[in-house]
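Naming: A, B, ... by sequence-line order, numbering from 1 per chain.
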Amino acid sequence: MATAGGEVTCVDFWANGFGMRARIALRELGVAFRYVEEDLRSGDRSELVRRMNPVHRSIPILIHGGRPVCGSVNILEYVDETWGNDGGPRLLPRDPLQRAHARFWADFVDQKVFSTQTRFLKSKGAEKEAAKEELLDQLRRLEEVLGDKTFLAGDEFGFLDAVLIPFSSMFHGYEQHGGFSLETECPSLMRWVRRCKERDSVKSVLPDEDEMYELHKKWYGISE
Amino acid sequence: MATDVPAVKLIGWYGSPYVHRAEVALRLKGVPYEFIRDDPINKSELLLQHNPIHKKVPVLLHGDRTICESLVILEYVDETFDGPPLLPVDPYERAMARFWAHFIDQKFARPFWMSFWMCEDDEHKEAFVKEAKGNLAILEEQLKGRRFFGGDAVGFLDVAACGLAHWLGVIEEVSGVTLVNGDEFPAFCKWAKAYVNDDTVKQSLPDRDELLAFFSGNKEIYMALARATLHK
């Protein structure tokens, strides 16, 4: 059942936030999979990645029965449609409007939050301050989406939680880089982070925050 | 699934391919809707109220529900209303359709746009044209001899690619740059013709002469923007 339709492989790198989404989703739905590590620190992509994702040469890549699915949000939808079922856990809400909202906010995270956090980490001085404020605004916006709910779309952990929770592995890094505390700036979001981290799927996938920050410091040329 | 109550409205700007995506989806499902024409230079309170994050169109209003982002709207329309499915049924085919739709919006879009609006003598233009043609070749391959990306009928990916069918010819004419020709991209050219001639699609395509006038009027702006965003 968990591997209906053939063997499942996830090609990813331990520090890749987009890939963490896929691995969390697979674990949430109890799908057995083989993890193949692609070292993003090396400049060249492996033959496997070049063959399975010739268009973007990026990871994560989900390979199911020999066929690749690329794009982290795309993978979440595919995992839900293939292994989610009425009797058990699903990633996306059932109602079309709630599904639309989940997809809208996932797109917001990818279009806005990701590019802002990258700019924040890479820049200095006034540009860094502006990016910091923008990032905090965006996180507060997501706090509004959470509201009083347990998880981002309701009572159950799902698609939108899987989309955002990997960013929490860089929260310590953001705080160090920007000189602020997310407990102060976004307290209810931080409570959501702790609830997510209680789940086996999230616990087993999120990397150590110090290691994440050290790696990103090298990647983005951040000097203390 | 109710299709006539409550009312459906669509906020859009005339001539936007993203708005066209939403209109075609509604028409393919046979959903009556009211088009609320907004002005990108002078955005309405209605738009700003319903899409405060991006302040863009299309925005679908379904009763008291608001849905933004054209591809999100396509999926919402597909899941909410009866009628022929826009997305394939098989999960892998759905994943492929979504992948290519995002390819068009992300990797494909920039070199494509820059190819048209960079100055003739700009050293970067050739590189953009090469990349744009490479991307077109990838899409050509995806058609695999089918009439539409979706098979025999217009589907999700065809609608997502609409800009390449109707708007492309206008942009080529205004910019003087021809990217697509029948020799290099035969399947693609056949697809574009089939798309714009589809009975349902036709109803929501903006008038070609009006588009021509619009793009001609904005040519200098597009060229200035292309120069300005070159190193982004």
Side-chain angles (χ1 to χ4, degrees), chain A residues 4-6 22 52-58 61-85 92-115 119 137-138 140-142 144-145 159-160, chain B residues 1-2 6 22 25 29 50-56 58-82 87-108 131 134-135 137-139 141-142 156 232:
Chain A
M52 288 291 165
N53 191 357
V55 172
H56 300 295
R57 298 186 173 195
S58 61
I61 303 170
L62 185 77
I63 308 172
H64 183 204
R67 299 191 301 184
V69 180
C70 306
S72 61
V73 168
N74 207 11
I75 290 170
L76 294 184
E77 298 248 22
Y78 178 79
V79 167
D80 195 39
E81 289 172 4
T82 305
W83 290 287
N85 56 65
L92 276 132
R94 277 164 184 60
D95 174 70
L97 178 66
Q98 289 184 33
R99 291 162 74 84
H101 286 170
R103 287 175 178 136
F104 174 85
W105 288 110
D107 177 75
F108 171 80
V109 172
D110 282 354
Q111 263 198 62
K112 302 279 186 190
V113 180
F114 181 65
S115 58
R119 206 175 345 115
D137 266 340
Q138 288 166 358
R140 286 185 202 112
R141 189 70 88 146
L142 289 162
E144 281 172 31
V145 174
F159 171 85
L160 192 50
Chain B
M1 290 185 266
K29 294 286 199 180
H50 285 284
N51 194 357
I53 301 275
H54 301 300
K55 305 179 173 58
K56 286 185 191 167
V59 174
L60 185 75
L61 303 174
H62 181 203
D64 58 2
R65 305 167 160 198
T66 304
I67 301 101
C68 305
E69 290 299 295
S70 60
L71 295 181
V72 176
I73 291 172
L74 287 193
E75 298 231 30
Y76 175 79
V77 168
D78 201 24
E79 290 169 2
T80 305
F81 300 104
D82 290 327
L87 272 160
V89 170
D90 172 68
Y92 190 74
E93 295 302 318
R94 293 163 75 85
M96 288 297 100
R98 288 173 177 138
F99 174 84
W100 291 114
H102 282 102
F103 168 74
I104 286 167
D105 276 357
Q106 290 155 10
K107 190 161 196 265
F108 186 93
E131 199 182 336
N135 288 337
I138 293 173
L139 284 181
E141 213 185 291
Q142 288 315 302
F156 180 85
K232 280 212 171 149

- Item | Lys/Arg-Asp/Glu bridge criterion (N-O < 4.0 Å) met for A:Glu77, B:Arg94 |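 B:Arg94 and A:Glu77: not salt-bridged.
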- Query: Are B:Glu75 and A:Arg99 close enough for a salt bridge, meaning some N to O gap below 4.0 Å?
  - Reply: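 No salt bridge links B:Glu75 with A:Arg99.
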- Task: Please test A:Phe104 against B:Ile67 for side-chain contact (heavy atoms from CB on, under 4.5 Å), starting from the C-alpha separation and ending with a verdict.
- Result: CA-CA 8 Å; A:Phe104 174 85; B:Ile67 301 101; over 6 Å; no
So do the side chains of [X] and [Y] get within less than 4.5 Å of each other, counting heavy atoms only?
X: A:Val55; Y: B:Trp100; value: yes
X: A:Leu97; Y: B:His62; value: no
X: A:Arg103; Y: B:Glu69; value: no

Search all heavy atoms of [X] against all heavy atoms of [Y] and return the closest pair with its distance.
X: B:Val72; Y: A:Ala100; result: CG1-O, 3.3 Å
X: B:Ala95; Y: A:Asn74; result: O-ND2, 2.9 Å
X: B:Thr80; Y: A:Pro96; result: OG1-CB, 3.4 Å

- Heavy-atom contact with chain B under 4.5 Å, split by part of A:Pro54: neither
- Item | A:Asp95 portion near chain B, given a 4.5 angstrom heavy-atom threshold | side chain
- Message: Set out, in order, the CA-CA distance, both residues' side-chain angles and the distance that settles side-chain contact (heavy atoms from CB on, under 4.5 Å) for A:His56 and B:Gln106, then state yes or no.
- Response: CA-CA 11 Å; A:His56 300 295; B:Gln106 290 155 10; 5.7 Å; no
- Message: Quick check on side chain to side chain contact (heavy atoms under 4.5 Å, CB included): which of A:Glu81, A:Arg67, A:His64 does B:Tyr92 satisfy it with?
- Response: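 For B:Tyr92, the side chain to side chain contact (heavy atoms under 4.5 Å, CB included) check succeeds only for A:Arg67.
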- Heavy-atom pairs under 4.5 Å with chain A are the metric here; pick the option from B:His54, B:Arg98, B:Met96, B:Arg65 that has the most.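 If we count pairs closer than 4.5 Å to chain A, B:Arg98 comes out on top.
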- Task: Considering only heavy atoms and a distance below 4.5 Å, find which of A:Gly71, A:Pro68, A:Cys70 pairs most often with chain B.
- Result: A:Pro68
- Query: Could you go step by step and tell me if A:Arg141 and B:Ile53 meet the side-chain contact (heavy atoms from CB on, under 4.5 Å) rule?
  - Reply: CA-CA 9 Å; A:Arg141 189 70 88 146; B:Ile53 301 275; 3.5 Å; yes
